[in-house]
Undergrad: 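Just dropping this structure here.
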Amino acid sequence: SKTGEGTEFDCLREYVVGDDSRLIHWGTTARRGKPIIRHNRVERGQTIFLVLDAGRMMTARVQGKSKFDHSLNAALLLSYAALEAGDKVGFMIVGREVVRFLAPSNAKPHFGRIMDAAYSVEPEMEEPRFYLAVAELSAKLKRRSLVVVFTDLIDERASRGLLRYGLALMPRHLPLVVAMWDSEVVRVADETPRDKVDLYRQGVAAEILERRTRLLARLESSGVLVVDTPPEKISVSLLDRYLEIKKRTLL
């Protein structure tokens, strides 16, 4: 991430191309006759709370693994990075019930606790009850936090629920929905059909993608942050977004 952004003041330095013009310190700039910016350190000690959907939409398999497993790998990587950055990390898995809950911490053994909490959990063919997650977070998460929800956006009804509960977290918390699109569905939607069966498959794939785009747009227009990524890029895409959120001091 670019230096210069964050909330902990470090020093003043000369402006270089690519710096955020909002960081220009106008008083010093006027005195020195050249652009000077505030150089800040990225703030430590923020709170990141990870919520993994263990419901039916996460049972789908992509590239040999369930969407739940792809999400879990990304959640563990983000946990490790956030703890290394000095942030507190909380962790929850939700299905029909709240399956696992770990309060935010940045203690040294906490990453091991997160791995233990995730061990042996498998997604089930049931609707996730996100309202239970929101109720628990509202009761126990006192400090403004980045709430990262790993789920999928195929089902209109389930996604309406996700939107409702995502909005319930705002403005106190900052919700970020992480979803994976299926590369195979994109390929089918884009390829040239050879017969009626291909044409039908293409129509179904295109409808899935259109519905997904619509749901994501609805979330984003409501102020919910979104990462939509193929499974092989989920960890990198999520880590980039986390660093961007810290850099822009959205928390």
Side-chain angles (χ1 to χ4, degrees), residues 48-82 89 91-95 99-100 114-115 118 121-130 133 146-166 169 174-191 201-202 204-222 224-245:
I48 316 299
F49 204 99
L50 310 177
V51 181
L52 269 78
D53 174 354
R56 65 182 178 82
M57 289 186 291
M58 301 297 276
T59 61
R61 298 186 74 79
V62 183
Q63 297 181 356
K65 287 195 290 193
S66 70
K67 288 192 172 183
F68 179 83
D69 285 339
H70 284 291
S71 294
L72 179 56
N73 288 343
L76 291 173
L77 180 65
L78 178 57
S79 299
Y80 186 83
V89 177
F91 184 76
M92 176 191 290
I93 299 178
V94 61
V99 182
R100 299 283 191 274
I114 293 171
M115 290 189 71
V121 176
E122 294 290 341
E124 304 285 346
M125 288 297 292
E126 56 194 21
E127 292 296 335
R129 293 179 174 174
F130 281 115
L146 173 65
V147 180
V148 184
V149 182
F150 297 83
T151 186
D152 203 6
L153 298 164
I154 297 172
D155 185 286
E156 192 98 30
R157 183 164 54 98
S159 298
R160 271 202 307 270
L162 177 64
L163 175 62
R164 188 161 66 248
Y165 302 124
L169 291 167
L174 180 63
L176 167 63
V177 170
V178 182
M180 278 168 287
W181 45 267
D182 189 331
S183 310
E184 176 65 15
V185 174
V186 174
R187 186 188 65 76
V188 170
D190 287 345
E191 70 185 3
R201 288 175 69 235
Q202 187 178 52
V204 171
E207 187 181 334
I208 289 171
L209 294 177
E210 185 184 337
R211 188 186 315 143
R212 179 187 192 82
T213 301
R214 198 165 58 241
L215 294 169
L216 287 167
R218 196 177 302 160
L219 282 169
E220 288 185 308
S221 66
S222 303
V224 176
L225 301 179
V226 169
V227 169
D228 187 34
T229 176
E232 65 272 16
K233 293 185 177 173
I234 183 173
S235 295
V236 173
S237 299
L238 178 57
L239 202 53
D240 283 349
R241 181 57 69 89
Y242 159 72
L243 293 172
E244 179 198 343
I245 288 165

Undergrad: At their closest point, which heavy atom of L72 faces which heavy atom of L52, and how far apart are they?
TA: CA-CD2, 3.7 Å
Undergrad: Would you confirm whether R241, through its side chain, and V226, through its main-chain N or O, come within 3.5 Å as a donor-acceptor pair?
TA: yes
Undergrad: Going through the checks in order, is the side chain to side chain donor-acceptor pair (under 3.5 Å) test met by Q63 and E232?
TA: CA-CA 8 Å; Q63 297 181 356; E232 65 272 16; 2.9 Å; yes
Undergrad: I need the minimum non-hydrogen distance between V227 and S237, along with the two atoms involved.
TA: CG1-CB, 4.0 Å
Undergrad: Using every non-hydrogen atom in the two residues, find where F130 and T151 come nearest and quote the distance to one decimal.
TA: CZ-OG1, 3.8 Å
Undergrad: Could you check whether D53 pairs with K67 (Lys NZ or Arg NE/NH1/NH2 to Asp/Glu carboxylate O, under 4.0 Å)?
TA: no
Undergrad: Once ring-ring contact (aromatic ring centres under 6.0 Å, His included) is applied, do any residues pair with F49, and if so which ones, sequence neighbours excluded?
TA: F101
Undergrad: Between H70 (side chain) and I234 (backbone), is there a donor-acceptor pair under 3.5 Å?
TA: no
Undergrad: Using a strict 4.0 Å threshold on nitrogen-to-oxygen distance, state whether R56 and E124 make a salt bridge.
TA: no
Undergrad: Testing V177, D228, V224 one by one against L216 for a side-chain contact (heavy atoms from CB on, under 4.5 Å), which residue passes?
TA: D228
Undergrad: Is it true that D69 and R61 make a salt bridge, defined as a side-chain N closer than 4.0 Å to a carboxylate O?
TA: no
Undergrad: Show the nearest heavy-atom pair for residues I93 and A118, with the distance to one decimal.
TA: CD1-CA, 4.2 Å
Undergrad: I need the minimum non-hydrogen distance between D152 and M57, along with the two atoms involved.
TA: O-CE, 3.5 Å
Undergrad: If you take all heavy atoms of T59 and M125, which pair is closest and at what distance?
TA: OG1-SD, 3.4 Å
Undergrad: List for me each residue that meets salt bridge (Lys or Arg N to Asp or Glu O under 4.0 Å) alongside E207, sequence neighbours excluded, and say none if there are none.
TA: R211
